[in-house]
Structures are given as C-alpha cells and as structure tokens.
Amino acid sequence: MDTGNVLDVAGISKSFGELRVLTDISFQVGKGETVCVLGPSGSGKSTLLRCINWLERPDAGQVYLNGAPIGISGAGLVMTDRELSRVRTRIGMVFQHFALWPHLTVLQNLMEAPLHVQKRPKAEVRDEALALLAKVGLGDKRDVFPARLSGGQKQRVGIARALAMRPDLLLFDEPTSALDPELVGEVLVVMRELAREGMTMVVVTHEMGFARDVATRVLFMDRGRVVETGPPERFFSAPETERARSFIQRYAGDIGGSRQRSAINS
Ligand code: ADP
Ligand code: MG
C-alpha cells in the first residue's frame, strides 16, 4: 500500500479489557507534515501513539510506515520482537518524561543507539551527535550527566537523541507537559525549527499556540475517536463540533501564553 505517505493509520481500534479506548482511527501523514493531536485527557492520544509503533498491539486496523505494514511481516504473520525493534528504529519517540540514560553523558546518550543498534561508524555518529547538540543549543553540555540538566535541557537532549537515529517519523507525547512553564518555550523553539526543516512529526500536545502556528493539520480526538480534522486556522477559528468548541475555549488562554513564551525564547 504505497500511497507516498510516511505514515498511514488505517482503521485502528484498541480496547483494554472492556474499555474501548480507540475506535476506527484513520489518518495519513505526508512527508514534512506536522500533525498535532489534540483532545482531553483520557481520549486515547497516548494509546494512539503507542499503537503506531506497536508498543500496544491494535485489535483491528493497520499501520504503514512508508507503505510497509508495521507489526505484520511479509509473510502476513505478526512480527517477531526483533523485526519490530528494527522497524521502531525508523520512528523516534519523545515522551513527557525524558527517559535519558542516567549513567551516560549527554553525548553518550546520543551515540548509544546509533552505535549499538544501527552499528554505524563511530566517527560519523560522533560528528552527527555533536552537530545535533549544537542544533538544540546544548553543545556545551556534551560531557554532563542528565541529572545536572534542567527539564527543558533534558527534553532537548531527548529530541536530539531521537534525531540521532535519523528517523523517518518523530512521535511526541506531550513533550512539554512535565516542564516548569518558563522552560516550555525552549523546547517548542526546537520543535518549530524541526517542523520548518521538514521533519515529519505527530505531536500530541496541549500547547494550542504551537498547534495553531506549526501544525499542517490538527486531529481532534474525544473518547477514542477522531472527531474533527483539518487545517489549524479552520479548527481554531471555526470548529465544527460542540466538543471541539468547548475544548478550544478551555485552552483559549494557552494560545496567547505559548506565543509569548516562544517569542521570549526565539
Ligand atoms: P490520553 O493520552 O489522551 O490522556 P490514554 O491513551 O493515556 O489517553 O488513555 C485512554 C484510556 O485508556 C484511559 O481511560 C486510560 O485509563 C486507558 N488506558 C491506557 N492505557 C491502559 C492500559 N495499559 N491498561 C488499561 N487501560 C489503559
Ligand atoms: Mg497521554
């Protein structure tokens, strides 16, 4: 199924026991797009991201990365853990909590997977890691251990570490939600820059200003379904459903807020 999209999510459903969490979710992400997934807490956003890279196995539906199914091998069988791991190296993930390796320096955190999972040459991996650290504004922190970094710095290392794998797709799950408000802007600046450079991204966020300014498309979820999807200008100025309207109203203050924060830091 090669549609030219980086990501195709086709009819994903997922339950945990009796609890239906995702119902028939479908969307596509083209190369260079930034799709922002919005929705109230508990609407299934994290589960959706986890189903994309098969950290959770969908009950129904299929996910394709560059036209190739994730989770199902060429023979039509469920992929082995080894096959799944290989596919997942193409998809970078940035979580709310930073999950850096505490016993490795910042530079070592970036080099670990490219060296030991991708088995790329050390000099190349090192050069690229240093360039990525400079890009996220942390060139001077290369030899520091994660415990010495602020939350915003940790999250920027997390993004650089994901990029070090040269992924086709980056998934973000509320990357700024755990940060002190004054540290949010520095992370959003990095994400804006990635979007501008044409990285393909799916971003679950409550930063409405970011979604409005950066998203090529917004996906609004509620109770496990995609309730609305469209360009951010339309979604924010003329939402079609009452659920989206009340959601936007609830976060209306954030739109100005994150604008200001990112202006301060850019
Ligand atoms: P969101 O990220 O939008 O807040 P989640 O995807 O985390 O939503 O959760 C959606 C629903 O699924 C919630 O009711 C949550 O409690 C439930 N849920 C998530 N993961 C599991 C799990 N592993 N087992 C059981 N229930 C889960
Ligand atoms: Mg979540």
Side-chain angles (χ1 to χ4, degrees), residues 7 9-27 29 34-63 70-71 78 81 84 88 91-100 151-152 154-155 158-159 162 169-181 183-184 187-188 191 201-212 214-215 217-230 232 235-236 239 241-255 258:
L7 179 70
V9 173
I12 289 291
S13 293
K14 177 73 184 173
S15 298
F16 294 110
E18 295 290 291
L19 181 67
R20 185 76 177 248
V21 175
L22 298 175
T23 304
D24 197 21
I25 306 271
S26 296
F27 65 99
V29 185
T34 297
V35 171
C36 283
V37 180
L38 311 177
S41 178
S43 56
K45 305 179 299 295
S46 295
T47 305
L48 172 61
L49 291 190
R50 292 171 58 79
C51 281
I52 287 174
N53 60 12
W54 269 57
L55 287 171
E56 296 287 357
R57 182 176 168 179
D59 299 331
Q62 193 49 271
V63 183
I70 297 177
V78 171
D81 288 347
L84 266 179
R88 288 196 193 112
I91 305 176
M93 259 206 117
V94 179
F95 302 93
Q96 185 173 344
H97 291 282
F98 324 106
L100 300 176
K154 282 182 197 167
Q155 201 55 303
I159 294 171
L169 172 69
L170 274 185
L171 307 177
F172 292 85
D173 195 354
E174 301 198 29
T176 59
S177 299
L179 299 177
D180 291 336
L183 302 178
V184 168
V187 174
L188 293 182
M191 293 171 63
M201 312 199 283
V202 177
V203 182
V204 172
T205 185
H206 290 295
E207 291 291 334
M208 297 300 137
F210 176 86
R212 193 189 52 190
V214 180
R217 203 145 33 88
V218 161
L219 217 73
F220 175 67
M221 286 180 64
D222 194 23
R223 297 177 216 166
R225 292 175 190 269
V226 175
V227 176
E228 277 193 42
T229 180
F235 176 77
F236 287 109
T241 60
E242 181 49 41
R243 283 193 250 174
R245 259 192 299 279
S246 65
F247 177 82
I248 292 166
Q249 232 152 37
R250 191 150 17 109
Y251 282 96
D254 282 10
I255 295 185
S258 61

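As the structure lists them, so they are numbered: ligands from 1, and atoms in each ligand from 1. FYI, side chains are in, hydrogens and waters are out, and symmetry mates aren't considered; it's all heavy atoms of this structure.
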Undergrad: On a heavy-atom basis, which atom in Arg217 and which in Val29 lie closest, and how many Å separate them?
TA: NH2-CA, 4.2 Å
Undergrad: Under 3.5 Å, is there a donor on one side chain and an acceptor on the other for Ser177 and Gln96?
TA: no
Undergrad: Distance under 4.0 Å to a non-hydrogen atom of Ser41: what atoms of ligand 1 satisfy this?
TA: 4 (O)
Undergrad: Nearest 0.5 angstrom please: Leu19 CG to Thr47 OG1, how far?
TA: 9.0 Å
Undergrad: Could you check whether any side-chain N or O of Gln155 sits under 3.5 Å from a backbone N or O of Thr176, counting only pairs where one atom can act as donor and the other as acceptor?
TA: no
Undergrad: Measure the distances from the heavy atoms of Gly17 to every atom of ligand 1 and state whether one is below 4.0 angstrom.
TA: no
Undergrad: Within 4.0 Å of atom 21 (C) of ligand 1 (strictly less), any protein heavy atom?
TA: yes
Undergrad: Which heavy atom of the protein is the closest neighbour of atom 26 (N) of ligand 1, given with residue, atom name and distance?
TA: Phe16 CD1, 3.4 Å
Undergrad: Looking at atom 12 (O) of ligand 1, what's its closest protein heavy atom, distance included?
TA: Val21 CG2, 3.2 Å
Undergrad: So which pairs with a foot in residues 41-53 pass salt bridge (Lys or Arg N to Asp or Glu O under 4.0 Å), sequence neighbours left out?
TA: Arg50-Glu56
Undergrad: First locate atom CZ of Phe172, then atom CG of Leu49, and finally report the distance between them rounded to the nearest 0.5 Å.
TA: 11.0 Å
Undergrad: Can you tell me how far CZ of Phe247 sits from CE of Met221, rounded to the nearest 0.5 angstrom?
TA: 11.5 Å
Undergrad: Against heavy atoms of Pro40, which atoms of ligand 1 measure under 4.0 Å?
TA: 3 (O)
Undergrad: For the OG atom of Ser46 and the CG atom of Asp173, what is their distance to the nearest 0.5 Å?
TA: 3.5 Å
Undergrad: Under 2.8 Å from the Mg ion (ligand 2), which protein N, O or S atoms do you find? Ignore water molecules.
TA: Ser46 OG
Undergrad: Let me confirm one number: the CZ-SG distance from Arg212 to Cys36, rounded to the nearest 0.5 Å.
TA: 12.0 Å
Undergrad: Looking at non-hydrogen atoms alone, which of Gly42, Ser43, Cys51, Ser46 comes nearest to atom 10 (C) of ligand 1?
TA: Gly42
Undergrad: Heavy-atom pairs closer than 4.0 Å: do any link ligand 1 to the side chain of Val204, the backbone, both, or neither?
TA: neither
Undergrad: If you have a sec, work out which protein heavy atom is nearest atom 14 (O) of ligand 1 and how many Å separate them, to one decimal?
TA: Leu19 CD2, 3.7 Å
Undergrad: Do Val187 and Ile159 make a side-chain contact, defined as non-hydrogen atoms from C-beta onward lying under 4.5 Å apart?
TA: yes
Undergrad: Would the number of heavy atoms belonging to other residues, nucleotides or ligands and lying under 6.0 Å from CZ of Arg20 be above 12?
TA: yes
Undergrad: Could you tell me the separation between the CG atom of Leu55 and the CG atom of Leu171, rounded to the nearest 0.5 Å?
TA: 9.5 Å
Undergrad: Identify the closest protein heavy atom to atom 3 (O) of ligand 1: which residue and atom is it, and at what distance?
TA: Lys45 NZ, 2.8 Å
Undergrad: Based purely on interatomic distance, does Gly44 place a nitrogen or oxygen under 3.5 Å from a nitrogen or oxygen of ligand 1?
TA: yes
Undergrad: For atom 16 (O) of ligand 1, is the nearest protein heavy atom under 4.0 Å away?
TA: no
Undergrad: So which bit of Thr47 gets within less than 4.0 Å of ligand 1, heavy atoms only: side chain, backbone, both or neither?
TA: both
